[in-house]
Amino acid sequence: MRTAVITAAGEVDVREIPVPDVGDSEVLVRIAACGVCTMEANLYAGRMPVYPSAAGHEIAGWVERVGEKAAGLEDMPEVGSLVTIDGLPRCGTCRSCRAGQSAICVALQGNVREDGAITMGEGLADYIKVHASRVWSVGDTDPAVAAMGEPLACVVHSLRRGGFRAGDRVTVIGAGYMGHLHLAVSKQLQARSVAVVEQDEQRLAAIAAAGADAAVAPGDIGQLPQADVVFVTIASRESIALALAAVADGGRIVLYGGSDGPPAELPGYEVHRRQLTVTGSFSHEPEDWRAAAELLRGGALNGRLETLVTARYALDEVEKALKQAAETPVYRVVVTP
(Lines give C-alpha, C1' and ligand atoms only; values in the text may rest on other atoms or scores of the structure.)
Protein backbone atom coordinates (compact mmCIF):
# COMPACT_ATOMS: atom_id res chain seq x y z
CA MET A 1 0.00 0.00 0.00
CA ARG A 2 1.01 3.65 -0.50
CA THR A 3 1.47 6.05 2.40
CA ALA A 4 2.46 9.71 2.22
CA VAL A 5 5.10 10.86 4.71
CA ILE A 6 6.02 14.53 5.19
CA THR A 7 9.78 14.32 5.61
CA ALA A 8 10.68 18.03 5.88
CA ALA A 9 9.26 21.46 5.09
CA GLY A 10 8.01 21.29 1.51
CA GLU A 11 8.99 17.63 1.07
CA VAL A 12 6.70 14.58 0.81
CA ASP A 13 7.63 10.96 0.22
CA VAL A 14 4.99 8.52 -1.05
CA ARG A 15 6.21 5.15 0.24
CA GLU A 16 5.23 1.55 -0.24
CA ILE A 17 4.62 -0.35 3.02
CA PRO A 18 2.73 -3.59 3.78
CA VAL A 19 -1.03 -3.48 4.33
CA PRO A 20 -1.35 -3.77 8.13
CA ASP A 21 -2.58 -6.94 9.80
CA VAL A 22 -5.81 -6.64 11.78
CA GLY A 23 -6.10 -7.74 15.41
CA ASP A 24 -9.22 -9.16 17.07
CA SER A 25 -10.54 -5.73 18.13
CA GLU A 26 -9.39 -3.81 15.06
CA VAL A 27 -10.77 -2.79 11.67
CA LEU A 28 -9.01 -2.38 8.33
CA VAL A 29 -10.41 0.49 6.27
CA ARG A 30 -9.71 1.23 2.62
CA ILE A 31 -9.37 5.01 2.64
CA ALA A 32 -11.74 6.91 0.35
CA ALA A 33 -10.95 10.49 1.38
CA CYS A 34 -8.71 12.41 3.75
CA GLY A 35 -9.06 16.13 4.44
CA VAL A 36 -5.98 18.33 4.73
CA CYS A 37 -6.37 20.20 8.01
CA THR A 38 -4.32 23.03 9.51
CA MET A 39 -2.04 20.47 11.16
CA GLU A 40 -1.02 18.89 7.85
CA ALA A 41 -0.65 22.32 6.22
CA ASN A 42 1.60 23.44 9.08
CA LEU A 43 3.69 20.27 8.85
CA TYR A 44 4.23 20.81 5.13
CA ALA A 45 4.95 24.53 5.52
CA GLY A 46 7.50 23.93 8.28
CA ARG A 47 5.47 25.73 10.94
CA MET A 48 5.16 22.45 12.85
CA PRO A 49 8.51 20.67 12.39
CA VAL A 50 7.71 17.09 13.42
CA TYR A 51 9.37 14.83 10.86
CA PRO A 52 8.99 12.35 9.30
CA SER A 53 5.20 12.46 9.80
CA ALA A 54 2.56 10.04 8.55
CA ALA A 55 -0.21 12.63 8.74
CA GLY A 56 -3.86 12.98 7.77
CA HIS A 57 -6.50 12.71 10.50
CA GLU A 58 -9.78 13.66 8.76
CA ILE A 59 -10.51 10.24 7.28
CA ALA A 60 -13.35 8.31 5.65
CA GLY A 61 -13.30 4.96 3.91
CA TRP A 62 -14.86 1.57 3.34
CA VAL A 63 -14.58 -1.22 5.88
CA GLU A 64 -12.37 -3.92 4.34
CA ARG A 65 -11.86 -6.35 7.23
CA VAL A 66 -13.15 -6.64 10.81
CA GLY A 67 -11.38 -8.47 13.64
CA GLU A 68 -13.13 -11.42 15.25
CA LYS A 69 -14.05 -9.70 18.51
CA ALA A 70 -15.06 -6.46 16.78
CA ALA A 71 -17.32 -8.34 14.38
CA GLY A 72 -19.44 -9.45 17.32
CA LEU A 73 -20.29 -5.93 18.43
CA GLU A 74 -23.94 -4.97 17.94
CA ASP A 75 -23.32 -1.62 16.21
CA MET A 76 -20.13 -2.55 14.34
CA PRO A 77 -20.20 -1.29 10.72
CA GLU A 78 -20.31 -4.12 8.20
CA VAL A 79 -17.66 -4.90 5.60
CA GLY A 80 -18.19 -2.59 2.64
CA SER A 81 -19.88 0.19 4.61
CA LEU A 82 -18.64 3.77 4.54
CA VAL A 83 -17.28 5.01 7.86
CA THR A 84 -15.77 8.16 9.29
CA ILE A 85 -12.71 7.60 11.47
CA ASP A 86 -11.27 9.11 14.62
CA GLY A 87 -7.75 9.61 13.31
CA LEU A 88 -6.15 10.78 16.57
CA PRO A 89 -6.41 7.99 19.16
CA ARG A 90 -6.16 8.70 22.88
CA CYS A 91 -3.91 6.81 25.27
CA GLY A 92 -6.68 6.15 27.82
CA THR A 93 -4.26 6.20 30.75
CA CYS A 94 -3.03 9.79 31.23
CA ARG A 95 -4.59 12.06 33.84
CA SER A 96 -6.82 13.80 31.28
CA CYS A 97 -8.14 10.57 29.78
CA ARG A 98 -8.84 9.10 33.22
CA ALA A 99 -10.70 12.27 34.16
CA GLY A 100 -13.00 11.96 31.14
CA GLN A 101 -11.25 14.74 29.21
CA SER A 102 -9.62 12.75 26.44
CA ALA A 103 -9.71 15.79 24.14
CA ILE A 104 -6.60 17.00 25.96
CA CYS A 105 -4.82 13.63 26.11
CA VAL A 106 -1.08 14.12 26.47
CA ALA A 107 -0.36 11.48 23.79
CA LEU A 108 -2.63 12.31 20.84
CA GLN A 109 0.09 11.23 18.44
CA GLY A 110 3.75 10.34 18.41
CA ASN A 111 4.12 6.57 17.95
CA VAL A 112 6.80 5.51 15.50
CA ARG A 113 6.01 3.00 12.74
CA GLU A 114 8.38 0.35 11.43
CA ASP A 115 9.34 2.64 8.53
CA GLY A 116 10.37 5.34 11.03
CA ALA A 117 7.42 7.66 10.40
CA ILE A 118 5.75 9.36 13.37
CA THR A 119 2.04 8.50 13.34
CA MET A 120 -0.07 11.66 13.17
CA GLY A 121 -3.27 10.29 11.70
CA GLU A 122 -1.90 8.10 8.85
CA GLY A 123 -4.86 9.01 6.64
CA LEU A 124 -2.86 10.06 3.57
CA ALA A 125 -2.62 6.44 2.49
CA ASP A 126 -4.48 3.59 0.82
CA TYR A 127 -5.42 1.75 4.03
CA ILE A 128 -5.54 2.35 7.75
CA LYS A 129 -5.90 -0.03 10.70
CA VAL A 130 -7.83 1.35 13.69
CA HIS A 131 -9.41 0.12 16.89
CA ALA A 132 -13.08 -0.77 16.45
CA SER A 133 -14.10 2.04 18.81
CA ARG A 134 -12.82 4.61 16.32
CA VAL A 135 -15.05 3.89 13.32
CA TRP A 136 -18.52 5.36 12.84
CA SER A 137 -20.97 4.40 10.11
CA VAL A 138 -22.27 7.35 8.05
CA GLY A 139 -24.50 5.71 5.46
CA ASP A 140 -24.44 6.59 1.77
CA THR A 141 -22.75 9.93 1.17
CA ASP A 142 -19.85 11.61 -0.60
CA PRO A 143 -16.65 10.25 1.05
CA ALA A 144 -15.21 13.78 1.07
CA VAL A 145 -18.15 14.79 3.26
CA ALA A 146 -17.79 11.68 5.42
CA ALA A 147 -14.17 12.72 6.05
CA MET A 148 -15.57 15.83 7.74
CA GLY A 149 -16.67 13.67 10.68
CA GLU A 150 -13.55 14.71 12.61
CA PRO A 151 -14.00 18.49 12.29
CA LEU A 152 -17.73 18.06 12.91
CA ALA A 153 -16.90 16.22 16.15
CA CYS A 154 -14.65 19.15 17.08
CA VAL A 155 -17.55 21.56 16.50
CA VAL A 156 -19.97 19.43 18.51
CA HIS A 157 -17.38 19.51 21.31
CA SER A 158 -17.13 23.30 20.96
CA LEU A 159 -20.90 23.67 21.31
CA ARG A 160 -20.87 21.46 24.39
CA ARG A 161 -18.05 23.49 25.93
CA GLY A 162 -20.11 26.61 25.34
CA GLY A 163 -23.21 25.18 27.00
CA PHE A 164 -25.17 25.58 23.76
CA ARG A 165 -28.92 25.04 24.03
CA ALA A 166 -31.64 25.04 21.38
CA GLY A 167 -33.03 28.56 21.18
CA ASP A 168 -29.69 30.27 21.88
CA ARG A 169 -28.61 33.30 19.90
CA VAL A 170 -25.18 32.48 18.46
CA THR A 171 -22.45 34.67 17.03
CA VAL A 172 -19.47 33.16 15.21
CA ILE A 173 -16.28 35.18 14.80
CA GLY A 174 -14.66 34.13 11.52
CA ALA A 175 -16.14 32.76 8.28
CA GLY A 176 -13.46 30.22 7.39
CA TYR A 177 -14.01 26.47 7.25
CA MET A 178 -14.62 26.06 10.99
CA GLY A 179 -16.84 29.14 11.00
CA HIS A 180 -19.00 27.47 8.35
CA LEU A 181 -19.19 24.27 10.39
CA HIS A 182 -20.17 26.18 13.56
CA LEU A 183 -22.90 27.86 11.54
CA ALA A 184 -24.15 24.58 10.06
CA VAL A 185 -24.22 22.63 13.32
CA SER A 186 -25.73 25.46 15.36
CA LYS A 187 -28.53 25.87 12.82
CA GLN A 188 -29.14 22.12 12.68
CA LEU A 189 -29.38 21.97 16.48
CA GLN A 190 -32.02 24.70 16.52
CA ALA A 191 -30.20 27.90 17.39
CA ARG A 192 -32.60 30.83 17.47
CA SER A 193 -30.26 32.74 15.19
CA VAL A 194 -26.65 32.55 14.00
CA ALA A 195 -24.72 35.69 13.11
CA VAL A 196 -21.21 35.69 11.65
CA VAL A 197 -18.54 38.39 11.84
CA GLU A 198 -15.88 38.37 9.12
CA GLN A 199 -13.49 40.91 7.62
CA ASP A 200 -12.96 39.32 4.19
CA GLU A 201 -15.73 40.41 1.80
CA GLN A 202 -15.75 37.20 -0.27
CA ARG A 203 -15.97 34.95 2.78
CA LEU A 204 -18.64 37.23 4.24
CA ALA A 205 -20.74 36.85 1.10
CA ALA A 206 -20.18 33.08 1.06
CA ILE A 207 -21.32 32.55 4.63
CA ALA A 208 -24.36 34.78 4.12
CA ALA A 209 -25.29 32.56 1.17
CA ALA A 210 -24.73 29.50 3.40
CA GLY A 211 -27.58 30.55 5.67
CA ALA A 212 -26.22 32.92 8.32
CA ASP A 213 -29.05 35.01 9.76
CA ALA A 214 -26.68 37.98 9.67
CA ALA A 215 -23.20 38.41 8.24
CA VAL A 216 -21.37 41.62 9.10
CA ALA A 217 -17.93 43.17 8.99
CA PRO A 218 -16.23 43.81 12.37
CA GLY A 219 -17.06 47.50 12.25
CA ASP A 220 -20.78 46.67 12.05
CA ILE A 221 -20.90 44.30 15.01
CA GLY A 222 -23.08 46.76 16.92
CA GLN A 223 -25.91 45.94 14.53
CA LEU A 224 -26.20 42.40 15.88
CA PRO A 225 -28.40 41.30 18.78
CA GLN A 226 -26.19 40.29 21.69
CA ALA A 227 -25.49 36.58 21.74
CA ASP A 228 -25.97 33.92 24.39
CA VAL A 229 -22.80 32.23 23.14
CA VAL A 230 -19.96 33.45 20.91
CA PHE A 231 -17.60 31.05 19.13
CA VAL A 232 -14.22 32.54 18.26
CA THR A 233 -12.86 30.49 15.34
CA ILE A 234 -9.99 32.87 14.52
CA ALA A 235 -7.99 33.59 17.66
CA SER A 236 -6.42 37.05 17.86
CA ARG A 237 -6.47 40.11 20.07
CA GLU A 238 -9.07 41.63 17.74
CA SER A 239 -11.29 38.54 17.85
CA ILE A 240 -11.38 38.56 21.65
CA ALA A 241 -12.46 42.20 21.61
CA LEU A 242 -15.17 41.37 19.07
CA ALA A 243 -16.42 38.48 21.21
CA LEU A 244 -16.71 40.74 24.25
CA ALA A 245 -18.69 43.24 22.18
CA ALA A 246 -20.96 40.52 20.77
CA VAL A 247 -21.82 38.57 23.93
CA ALA A 248 -24.76 39.36 26.20
CA ASP A 249 -24.27 39.85 29.92
CA GLY A 250 -24.19 36.42 31.53
CA GLY A 251 -23.22 34.86 28.20
CA ARG A 252 -20.49 32.45 27.16
CA ILE A 253 -17.43 32.86 24.95
CA VAL A 254 -15.69 29.79 23.46
CA LEU A 255 -12.12 30.21 22.24
CA TYR A 256 -12.09 27.59 19.50
CA GLY A 257 -9.33 28.88 17.25
CA GLY A 258 -5.74 28.79 18.43
CA SER A 259 -3.16 31.50 17.85
CA ASP A 260 0.57 31.82 18.26
CA GLY A 261 0.38 35.59 18.08
CA PRO A 262 0.60 38.20 20.86
CA PRO A 263 -1.41 37.39 23.99
CA ALA A 264 -4.99 38.58 23.80
CA GLU A 265 -6.34 40.97 26.39
CA LEU A 266 -9.12 39.53 28.53
CA PRO A 267 -10.31 42.29 30.89
CA GLY A 268 -10.85 40.61 34.24
CA TYR A 269 -13.15 43.25 35.65
CA GLU A 270 -15.47 43.08 32.63
CA VAL A 271 -15.66 39.29 32.82
CA HIS A 272 -16.35 39.59 36.57
CA ARG A 273 -18.93 42.39 36.37
CA ARG A 274 -20.83 40.96 33.40
CA GLN A 275 -20.64 37.39 34.76
CA LEU A 276 -19.23 36.04 31.54
CA THR A 277 -18.00 32.49 31.08
CA VAL A 278 -14.89 32.19 28.92
CA THR A 279 -13.65 28.72 27.99
CA GLY A 280 -11.54 26.94 25.42
CA SER A 281 -12.39 24.06 23.12
CA PHE A 282 -9.85 21.66 21.65
CA SER A 283 -10.37 18.48 19.64
CA HIS A 284 -13.20 16.09 20.60
CA GLU A 285 -14.33 13.24 22.83
CA PRO A 286 -16.22 9.98 22.08
CA GLU A 287 -19.67 11.43 22.71
CA ASP A 288 -18.92 14.17 20.19
CA TRP A 289 -18.17 11.52 17.56
CA ARG A 290 -21.50 9.82 18.10
CA ALA A 291 -23.32 13.13 17.53
CA ALA A 292 -21.18 13.99 14.48
CA ALA A 293 -21.85 10.61 12.87
CA GLU A 294 -25.59 11.07 13.46
CA LEU A 295 -25.43 14.47 11.74
CA LEU A 296 -23.76 12.87 8.72
CA ARG A 297 -26.13 9.89 8.63
CA GLY A 298 -29.12 12.22 8.80
CA GLY A 299 -27.98 13.84 5.56
CA ALA A 300 -29.38 17.30 6.33
CA LEU A 301 -25.93 18.92 6.31
CA ASN A 302 -24.36 16.96 3.48
CA GLY A 303 -25.23 19.29 0.59
CA ARG A 304 -23.92 22.27 2.52
CA LEU A 305 -20.74 20.42 3.50
CA GLU A 306 -20.05 19.41 -0.10
CA THR A 307 -19.76 23.08 -1.05
CA LEU A 308 -16.83 23.39 1.39
CA VAL A 309 -14.63 21.01 -0.63
CA THR A 310 -12.27 23.43 -2.35
CA ALA A 311 -10.26 20.85 -4.33
CA ARG A 312 -9.72 17.11 -4.66
CA TYR A 313 -6.42 15.40 -5.42
CA ALA A 314 -5.33 11.80 -5.94
CA LEU A 315 -2.83 10.34 -3.46
CA ASP A 316 -0.08 10.58 -6.10
CA GLU A 317 -0.79 14.34 -6.15
CA VAL A 318 -0.58 14.71 -2.38
CA GLU A 319 2.18 17.30 -2.58
CA LYS A 320 -0.05 19.57 -4.68
CA ALA A 321 -2.82 19.14 -2.10
CA LEU A 322 -0.53 20.04 0.81
CA LYS A 323 0.94 22.99 -1.07
CA GLN A 324 -2.48 24.44 -1.88
CA ALA A 325 -3.69 24.00 1.71
CA ALA A 326 -0.52 25.59 3.11
CA GLU A 327 -0.28 28.55 0.76
CA THR A 328 -3.78 29.44 -0.50
CA PRO A 329 -6.96 30.46 1.36
CA VAL A 330 -9.18 27.37 1.16
CA TYR A 331 -12.07 25.71 2.99
CA ARG A 332 -11.01 22.07 2.66
CA VAL A 333 -8.64 20.30 0.28
CA VAL A 334 -9.30 16.55 0.12
CA VAL A 335 -7.04 13.69 -0.96
CA THR A 336 -8.95 10.79 -2.51
CA PRO A 337 -6.66 7.76 -3.02
Side-chain angles (χ1 to χ4, degrees), residues 2-15 31 33-60 84-88 108-110 117-125 128 143-155 158 173-182 198-200 202-203 206 232-236 239 255-261 281-284 305 307-337:
R2 297 167 300 166
T3 179
V5 178
I6 303 171
T7 55
E11 297 182 9
V12 185
D13 180 18
V14 179
R15 303 176 178 177
I31 296 173
C34 181
V36 179
C37 184
T38 304
M39 183 177 82
E40 289 79 34
N42 286 340
L43 284 164
Y44 181 76
R47 296 186 289 264
M48 186 179 177
V50 182
Y51 307 118
S53 294
H57 64 281
E58 298 182 1
I59 313 165
T84 189
I85 297 171
D86 181 356
L88 295 175
L108 286 182
Q109 64 269 328
I118 301 166
T119 58
M120 300 185 70
E122 301 183 274
L124 296 171
I128 188 170
V145 170
M148 295 183 187
E150 197 274 345
L152 279 175
C154 290
V155 171
S158 179
I173 309 295
Y177 178 66
M178 299 311 303
H180 272 269
L181 293 190
H182 275 82
E198 170 60 50
Q199 184 170 308
D200 183 271
Q202 288 186 327
R203 291 199 165 193
V232 181
T233 68
I234 302 176
S236 66
S239 295
L255 305 182
Y256 178 87
S259 173
D260 293 327
S281 182
F282 179 78
S283 196
H284 43 67
L305 298 181
T307 66
L308 298 177
V309 179
T310 301
R312 303 176 192 234
Y313 291 91
L315 183 57
D316 290 338
E317 302 174 300
V318 65
E319 188 161 0
K320 293 180 181 179
L322 291 165
K323 186 177 178 65
Q324 182 173 3
E327 298 179 0
T328 309
V330 296
Y331 291 120
R332 202 42 112 235
V333 173
V334 178
V335 175
T336 55

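- Here Ile6 contributes atom CD1 and Asp13 contributes atom CG; the two are 11.5 Å apart, rounded to the nearest 0.5 Å.
- Looking at Arg15 and Thr7, their side chains come closer than 4.5 Å, going by heavy atoms from C-beta outward.
- Between Val309 and Val334, the shortest heavy-atom distance links the atoms CG1-CG2, 4.0 Å.
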- Message: Checking Leu152 against Leu305 for the side-chain contact (heavy atoms from CB on, under 4.5 Å) test, could you report, in this order, the C-alpha distance in whole Å, the side-chain angles of both residues, the deciding distance, and whether it holds?
- Response: CA-CA 10 Å; Leu152 279 175; Leu305 298 181; 4.0 Å; yes

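- In the model, Tyr51 has no side-chain atom that pairs as donor or acceptor with a side-chain atom of Glu11 under 3.5 Å.
- The minimum heavy-atom distance linking Ala321 with Val335 is given by the pair CB-CG2, 3.7 Å.
- Heavy-atom minimum distance, Pro337 versus Ala125: CG-O, 3.2 Å.
- The two residues Asp86 and His284 come nearest to each other via the heavy atoms OD1-CE1, 3.4 Å.
- Contact check for Thr84 versus Glu150: no side-chain heavy atoms found under the 4.5 Å cut-off.
- Minimum heavy-atom separation, Val232 to Ser239: CG1-CB, 3.6 Å.
- Atom-to-atom distance recorded for Met48:CE and Met120:CE is 3.5 Å, nearest 0.5 angstrom.
- Looking at His182 and Thr233, their side chains never bring a donor and an acceptor atom within 3.5 Å of each other.
- Counting only distance, with no hydrogens or angles, the side chain of Glu122 and the backbone of Thr119 share no donor-acceptor pair below 3.5 Å.
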- Message: As a quick check of understanding, evaluate side-chain contact (heavy atoms from CB on, under 4.5 Å) for Gln324 and Thr310, giving each step before the final call.
- Response: CA-CA 10 Å; Gln324 182 173 3; Thr310 301; 4.0 Å; yes

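- Here the CD-CZ distance, from Glu317 to Arg312, works out to 13.5 Å after rounding to the nearest 0.5 Å.
- Put simply, the side chain of Ser53 never gets that close to the backbone of Ile118: no donor and acceptor are under 3.5 Å apart.
- One finds the CD1 atom of Ile31 at 8.5 Å from the CG atom of Leu315 (value rounded to the nearest 0.5 Å).
- Screening residues 325-337 for salt bridge (charged side-chain N to carboxylate O under 4.0 Å, His left out), with sequence neighbours left out, gives Glu58-Arg332, Lys323-Glu327.
- Rounded to the nearest 0.5 Å, atoms OH (Tyr331) and CE (Met148) are 12.0 Å apart.
- The side-chain hydrogen bond (donor to acceptor under 3.5 Å, both in side chains) test applied to Glu198 returns no partner, not counting sequence neighbours.
- Ile59 and Gly87 make their closest contact through CD1-CA, 4.1 Å (heavy atoms, listed as atom of the first residue, atom of the second, distance).
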Would you be so kind as to tabulate the donor-acceptor pairs closer than 3.5 Å made by side chains of residues 35-45, with sequence neighbours excluded?
residue: Glu40; atom: OE1; partner: Cys37; partner atom: N; Å: 2.8
residue: Glu40; atom: OE2; partner: Gly56; partner atom: N; Å: 3.2
residue: Glu40; atom: OE2; partner: His57; partner atom: ND1; Å: 2.8
residue: Asn42; atom: OD1; partner: Arg47; partner atom: NE; Å: 2.7
residue: Asn42; atom: OD1; partner: Arg47; partner atom: NH2; Å: 3.1
residue: Asn42; atom: ND2; partner: Thr38; partner atom: O; Å: 3.4
residue: Tyr44; atom: OH; partner: Glu319; partner atom: OE2; Å: 3.4

